[in-house]
Structure formats: structure tokens, C-alpha cells
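First the structure, which I've put down as C-alpha cells, then a few questions once you've had a look.
To find a chain, count down the sequence lines: A is the first, B the second, and so on, and within it residues start at 1.
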Amino acid sequence: MNQTIFERYGGFATVRKVVSTFYEYVLEDEVVSPYFAGIDMRRQIDHQSKFVSMVMGGPASYSDDHLERVHRPLGIDHAAFVVIAGLLQEAMEDHGMAPADVQAVVKEFAAREHLVVTT
Amino acid sequence: MTDPRPYPGTAPATPDLDAESDATTEFAEPISLPDLALRSIGSAVAIVAPESWEILFENGLFFEWFGPDADADAPLGTRVTGLDLEAVTTKLEKGRRFSWETDVTSGARTVSTELEIRRLKHGERELLLVEARNISKRKEAEYLLDSYSRMAEKNARDLQREKERAEKLLLNIMPRAVYEELRDYGSTTPQRFESASVLLLDFVGFTNMAIANDPTSTIAELNDIFSAFDRIVELYGCERLKTMGDAYMAVSGLPEANPDHAVNLAKVALRMRRYIDRRNAAHPEAWRCRIGLHSGPIIGSVVGVQKYVYDIFGPGVNMAARMETLADPMQIVISEDTWSLIRDEFTCTDLGDAEVKGFGTQHIYSLDSESSGRFA
């Protein structure tokens with residue numbers, strides 16, 4: 001059986017680091033940080049860790065319906081989505097993931113744009 | 001007592017902010033409040049020149065954690081063991097701060113620190129602020145978290161493997177479609193299949209064989225033969241339903257309807273006989289089988305709650321068994337219903353009418369070969 005990206009990089013321990021770095025970048029970014037004003041970042045990081053685990057082939061936890069429902073009221077546009085995808089990519093590179101794996105995760109991530117972008 | 005630990009690179013005392021109270025202070029050399037704060041703070045702080053990495057200022061904790069082994073004027077890269085200056089530059093050029101975790105020794109203890117470097121403007125001058133914090137508590141929590149999640153991941157994998165193993169076992173005793181119904185709804189309903197075929201095979205004189213020879217090796221041979229039958233059955237998309245002692249039962253057309261059920265099962269019957277023939281030629285022990293085939297309506301259902309068995313019912317099943325008992329050794333006997341479904345593709349011999357218990361007089365045939373001539 002082929003190992004998933006999630007398994008190859010040591011499971012949740014790596015996801016946790018990637019997501020932590022990712023939000024560091026997000027909160028420093030002028031375009032996307034306003035979306036996170038007033039958000040409880042602990043819960044946000046918890047959700048995102050599970051989501052990133054999922055797109056890396058780890059335990060699945062979010063259905064498309066769920067993602068669409070929670071993002072609908074946020075009015076996220078394409079530009080913000082692109083920035084977020086770029087920051088996630090940078091965070092994965094920071095933690096030593098191979099380019100092919102980074103691309104695979106970014107592709108999975110981008111495939112869900114239609115669930116998240118509403119304007 | 002008021003003199004702070006002397007260390008190189010200390011910033012010259014800034015003008016005293018508290019000059020007014022000079023007269024009342026008991027300190028011989030009072031220091032400014034910002035200076036006091038910097039010296040007492042729980043973070044290690046240094047200011048570094050970007051190009052040369054020369055340390056222009058450092059507080060007491062920085063000196064304690066990243067103290068020089070020999071050369072007090074050593075640049076940052078030497079003072080901070082393992083620091084990758086190229087990585088620092090890359091990060092800073094991207095407009096980000098550099099962040100890195102490293103362990104330092106402080107007295108007898110090892111302290112986990114997070115070292116951050118960011119750009120700093122001092123008038124026209126570009127400087128770097130180096131700041132290191134004690135993150136030992138955080139590292140302990142992270143260690144626990146990672147260790148716990150590894151355990152949870154391992155348990156999840158074990159559980160998944162166990163689930164797959166249980167599924168595989170259940171698939172051995174019932175068809176997948178029935179298994180899925182049982183899994184999703186907790187029960188299954190008996191299903192009537194309007195058109196399906198049943199094959200029954202039995203060995204001639206098996207009981208005597210087992211007595212005359214070593215029973216263990218006879219059963220081992222039987223296992224070999226049935227395993228070969230399983231592969232043949234699978235190859236033609238049929239299902240091995242069960243074995244009862246030396247009898248073997250296979251079906252086609254259920255639980256998924258298949259218009260070619262009779263043809264497929266007839267092919268299976270011919271290949272089973274051929275396998276036995278081939279095997280007998282190579283083994284001292286000769287096995288001889290009878291095979292019966294019948295096609296018609298059949299009811300399939302899971303029976304039992306704890307000990308699941310998927311079984312088939314109806315007169316069609318009995319008819320297949322009767323056909324088998326009518327067969328001579330190494331003969332395949334088929335009912336008229338099966339014959340009418342396969343007659344175009346197979347060579348059969350009309351055996352005439354036979355008295356079949358429970359069914360009265362029936363016209364029966366023997367299945368001899370495939371018309372393409374591949375199997376005689």
C-alpha cells in the first residue's frame with residue numbers, strides 16, 4: 001500500500017508545525033489577515049490542522065457541504081484564496097516537504113476553491 | 001551589587017531618566033529604567049549589524065545563552081551554534097522574520113529556545129534584532145501532543161486493518177452485495193432470483209478414500225482441489241456458495257443477475273472436470289467426481305444471527321442435487337432447463353427421460369464439451 005503524504009511526513013506532528021507557520025504568515029499578510037479579525041485562532045488552527053491532515057491523505061473530517069457552509073458568510077474572493085494557497089505552500093516548503101508533495105497538497109487545496117470563494 | 005554582569009558589547013548607559021531622584025538613590029551607579037528592563041527581561045535580546053553579523057548590543061540573558069567560548073567579539077554565526085546565516089538572509093529578503101528553534105545550555109540545564117531575527121530601522125541604519133525566548137514549556141506540551149497523536153494514529157491504523165480483515169472474512173462466507181446490505185442495514189432480506197444456475201459436485205467413494213488412506217492427507221488434497229475450484233469459479237464470475245464435506249456448491253446469476261449464468265457455470269463445470277483429469281494424471285490418488293447442473297428460480301438469503309451463512313433455497317437447489325446423483329463418475333448431468341440455455345454453445349448428449357425424486361419424469365442431458373472444441 002502506498003503511504004499517504006500525511007503518513008510520509010510523520011502525521012499530525014508535521015501538520016501541526018505547517019499550520020502554525022501558515023497562520024503566522026496569514027496574520028502578517030495585509031490581504032488576508034482582515035478575514036481573521038475577531039476569530040478565535042485556537043479553534044481556527046485546530047480546524048485547519050484537521051483540514052490539512054485531510055488533504056494530505058490523513059483522516060478525513062470535513063465534507064464539501066461543511067466547508068461550503070462555514071465559508072459562505074465570509075465573502076472570500078479569488079485573490080484572497082490565491083494568497084492563502086501561496087502561504088500554505090510557503091509554510092510546507094519551510095518544513096522541508098518535497099516540491100512534488102507540496103504541489104500535490106496545493107492542488108487538493110485549490111480543488112476546493114469553489115466551496116470557499118463566494119464573491 | 002548594582003553593577004550588572006559585565007559583558008562585551010553592552011550598550012553604553014543611556015542618559016539617566018530618573019536623574020531627579022539621583023540624590024535619594026542608594027545605588028552608586030544608577031542605571032536607566034529601560035536599561036533595567038532590558039537586563040531583567042526573560043528574553044535574550046541582541047542587536048546585530050546586517051552585513052558583518054557583528055553583535056552591537058546584547059543583554060545578560062543573551063550572553064548567558066549564547067556566550068562566547070573564546071572570542072568575545074565573534075560574530076553572530078559563531079556565537080549561536082548551528083545558525084544558518086544563509087537561511088536567515090533568505091527569509092529576511094522575503095520580508096519575513098526568521099524563526100528557528102534551538103537548545104542551549106544554561107548552567108546544568110538544557111533550555112529550548114526559539115530564536116527570532118527581524119529587520120530593525122535605527123534612523124537611517126539597518127539593524128537586526130535577535131530575540132530568543134525560553135519555550136521549554138511549549139516544547140514539553142508539543143512533545144506530549146505529538147506522542148499522543150502518534151499513538152492515536154497507530155490505533156486508527158490498527159483498527160482499519162482489523163476492519164479490513166473482518167470484512168475479508170465475511171466476504172468469504174457471503175457475496176459482497178449481501179455483505180454490504182448487512183453492514184449498512186443490520187439485516188438482509190431473502191431475495192428471489194428468477195433465473196440463476198446451481199452447480200453441485202461430489203466425489204465418488206470419498207468416505208472410503210479417507211478411510212483407506214491417511215485421512216489428513218486426503219483432506220489436504222481435497223483442500224487443494226477446492227482451492228483450484230475457487231479460482232475457476234472466480235474466473236468465470238460465479239460464486240462458490242459452500243462446501244459440505246466433499247461436496248462443492250457454486251452458483252451463477254446471484255446475488256447479481258447475469259444473463260449468461262448457465263453458460264458461465266457450464267464452463268466452470270467443464271473446467272472442474274478437466275482439472276480433476278489433469279490432476280489424476282499426475283497423482284497416484286485418482287479422484288472421480290459427479291457434477292449436476294440446474295437453472296431456474298432460486299431464493300438467496302443470509303441465515304443466522306451470530307453464525308452467518310449465506311444459503312440458497314427452493315426446488316431449483318434440490319433439482320441440481322438430483323442431477324448430480326444421476327451422473328456417472330466424471331460425468332456432468334444437466335437438467336432440460338439448463339440445456340435449453342446453453343445448447344447453442346456446448347455439445348451435449350441426450351440421456352433421455354429419468355425418474356427424478358420429487359420432480360417426476362425429467363428429460364436430462366450430459367454436458368460433454370464446449371462447441372468451440374477447446375474443452376473435451
ask   = Should we say atom OH of B:Tyr148 is surrounded by more than 12 heavy atoms from elsewhere, each under 6.0 Å from it?
value = no
task = Could you look at A:Tyr25 and say if it's the side chain, the backbone, both or neither that has a heavy atom under 4.5 Å from chain B?
result =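 Looking at A:Tyr25, backbone and side chain both touch chain B.
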message = Could you tell me if the side chain of B:Arg150 sits less than 4.5 Å from the side chain of A:Phe12, heavy atoms only?
response =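 No, too far: nothing below the 4.5 Å cut-off.
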Sub-4.5 Å side-chain heavy-atom contact between A:Glu90 and B:Arg96 = yes
task = To the nearest 0.5 angstrom, please state how far the CZ atom of A:Arg16 sits from the CG atom of B:Leu145.
result =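 Rounded to the nearest 0.5 Å, the CZ-CG separation comes to 5.5 Å.
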ask   = Does atom NZ of B:Lys168 have more than 12 heavy-atom neighbours from other groups under 6.0 Å away?
value =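 Counting other residues, nucleotides and ligands, NZ of B:Lys168 stays at 12 neighbours or fewer.
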key: Residue selection (most heavy-atom pairs with chain A, distance under 4.5 Å) from B:Ser147, B:Ser149, B:Ala87   = B:Ser149
inquiry  = For the CZ atom of B:Arg97 and the CD atom of A:Glu28, what is their distance to the nearest 0.5 Å?
reply    = 4.5 Å
